[in-house]
There are 2 protein chains.
Amino acid sequence: MSTGIVHLIDDDEAIRDALAWLLRSHRIESRAWDSAESFLADYHVDMRGCLILDIRMSGMTGLELFEQLLDRGCAMPVIFLTGHADVPLAVRTVKKGAFDFLEKPFSDGELAERVVAALGLDEQNHRLATSNASIDARLQSLTMREKEVMKRILGGQYNKVIAADLQIAMRTVEVHRARIFEKMNVRSAVELAQLLAGAQLD
Amino acid sequence: MSTGIVHLIDDDEAIRDALAWLLRSHRIESRAWDSAESFLADYHVDMRGCLILDIRMSGMTGLELFEQLLDRGCAMPVIFLTGHADVPLAVRTVKKGAFDFLEKPFSDGELAERVVAALGLDEQNHRLATSNASIDARLQSLTMREKEVMKRILGGQYNKVIAADLQIAMRTVEVHRARIFEKMNVRSAVELAQLLAGAQLD
DNA sequence: TCCGCCATTGTGGATATCCACAGGCGTGGC
DNA sequence: GCCACGCCTGTGGATATCCACAATGGCGGA
């Protein structure tokens with residue numbers, strides 16, 4: 001069960017109503033916004049779901065909104081609606097990370113299918129982000145010295161070598177190592193390497 | 001210095017000549033093919049460079065060629081040329097991995113810029129593939145038992161636990177472990193984990 | 001001034017690993 | 001029949017790690 005909804009952003013009320021109705025008939029919850037500005041005013045990075053953007057709106061365009069969202073670290077998938085065939089624009093936008101482009105007119109089923117896929121991707125991104133945030137928090141809890149030791153542990157160095165490298169006693173390295181494993185919630189250097197390898201951190 | 005060239009695939013001789021001339025004026029080497037079929041007949045997975053495909057050709061189309069190449073594990077970037085604005089098609093193809101779409105008419109500089117970027121990506125992909133192939137070869141050299149032991153080493157298990165798990169002596173695990181490290185060219189479990197984490201294997 | 005935390009160093013001892021050497025059994029290929 | 005290889009087990013011993021406990025000094029905040 002997804003906790004995301006579809007954000008409908010279009011300055012044309014008739015379009016918003018039609019889209020909301022269409023999605024409702026597929027049991028998909030949505031929220032309508034009459035401008036990019038009003039959406040941005042309420043936007044926060046923890047928002048879930050996906051966006052349906054008309055590419056051309058008065059005021060801030062769909063593209064400008066998309067750029068803003070990228071800048072703010074938004075991970076929600078974005079589906080563009082366009083009535084004008086502009087291949088270079090579509091290609092450029094998709095390569096920048098837009099989820100999809102839909103050219104009007106399109107069938108109800110087609111839109112619903114894309115939306116379902118987009119919400120699925122949002123769910124997946126959310127799980128990944130949650131996992132990464134947990135790992136990142138653990139990393140933030142390490143002291144500077146612990147980070148220096150951890151870097152060398154991950155480089156495959158023995159405690160004796162780390163001690164020589166940092167000009168401290170091997171016993172000190174042993175203490176740091178134990179603290180690092182405790183804070184990162186792992187039991188060995190291998191587990192630590194695997195944990196960080198599976199994460200995509202900032 | 002890239003060892004890749006630009007493969008020009010178009011059934012229109014005038015287009016091929018014009019493109020070749022344009023690229024030559026930018027000191028970019030190219031090879032022309034008058035059909036998708038003729039290119040495929042000569043294609044092999046070790047080919048380097050990038051492709052410029054006209055999307056509509058008599059016989060096998062550019063799209064059909066692209067699908068064939070994906071099936072054959074081709075990693076060379078593909079730039080599509082099209083005279084017809086078809087947003088859904090362009091979006092679908094780019095999401096499948098096409099490097100770019102260029103709509104006619106386009107400027108010389110624009111094409112050259114895309115080609116240079118595509119050749120750069122090919123270079124990067126090649127380095128990655130070479131590294132992965134080396135790692136894969138080392139993995140292939142492991143015996144079945146060694147693979148079983150390695151899996152558990154990477155899972156963070158101690159030798160004593162692996163021994164109990166596989167119903168063999170701990171000394172046996174020690175021997176396998178040493179052989180694994182020798183074949184994979186690492187000195188510790190951490191190095192092994194890092195090696196495999198950095199690789200994208202089949 | 002006191003307290004908590006970080007960084008450091010140490011003792012003692014158990015467990016895990018690495019290295020070298022040695023040998024047996026089963027299987028498949030020549 | 002012989003040989004090579006994989007898998008297995010073992011001895012001996014050195015090195016690396018983990019765990020528990022203990023202590024000191026510096027620093028920053030209350």
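- The residue B:Thr143 sits close only to the backbone: its heavy atoms come under 4.0 Å of sugar-phosphate atoms, none of a base.
- Using bins of under 30°, 30° to 60° and over 60° for the plane-to-plane angle, the ring pair B:Trp33/B:Phe39 lands in the perpendicular bin.
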Kindly give the atom pairs (protein nitrogen or oxygen, nucleotide nitrogen or oxygen) under 3.5 Å for nucleotides 14-17 of chain C.
residue : atom : partner  : partner atom : Å
C:dA16  : OP1  : B:Lys160 : NZ           : 3.1
C:dA16  : OP2  : B:Lys160 : NZ           : 2.9
C:dT17  : OP2  : B:Asn159 : N            : 2.8
C:dT17  : OP2  : B:Asn159 : ND2          : 3.4
C:dT17  : O3'  : B:Arg177 : NE           : 2.7

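- Inter-residue side-chain proximity for A:Glu13 and A:Asp34 is flagged as unmet; no heavy-atom pair is nearer than 4.5 Å.
- Per the geometry, CZ belonging to A:Arg179 stands 15 Å off P belonging to D:dC18, to the nearest Å.
- Going from atom CG of B:Leu142 over to atom P of D:dG6 covers 11 Å, rounded to whole Å.
- B:Ile162 places its CD1 atom 11 Å from the P atom of C:dC18, with the value rounded to the nearest Å.
- Applying the 4.0 Å criterion to OP1 and OP2 of C:dT8, one finds that A:His176 has a side-chain N or O inside that range.
- Looking at B:Thr61, B:Leu81, B:Leu89 one by one, the single match for side-chain contact (heavy atoms from CB on, under 4.5 Å) with B:Ile55 turns out to be B:Leu89.
- Nearest-nucleotide mapping onto DNA chain D: of B:Ser141 and B:Ala169, the residue sitting toward the 5' end is B:Ser141.
- Rounded to whole Å, atom P of D:dC5 lies 21 Å from atom CZ of B:Arg145.
- Note: CG (B:Leu166) to P (D:dC7) measures 12 Å, nearest angstrom.
- For B:Thr172 and D:dC7, the shortest distance from a side-chain N or O to OP1 or OP2 is not below 4.0 Å.
- Between the side chains of A:Ser134 and A:Arg138, a donor-acceptor pair is found at a separation under 3.5 Å.
- In this structure, A:Leu154 and B:Val190 approach most closely via the heavy-atom pair O-CG1, 3.4 Å.
- Among the heavy atoms of the strands, none lies under 4.0 Å from B:Ala178.
- Within the 4.5 Å cutoff, the side chain of B:Phe99 has no heavy atoms near those of the B:Met76 side chain.
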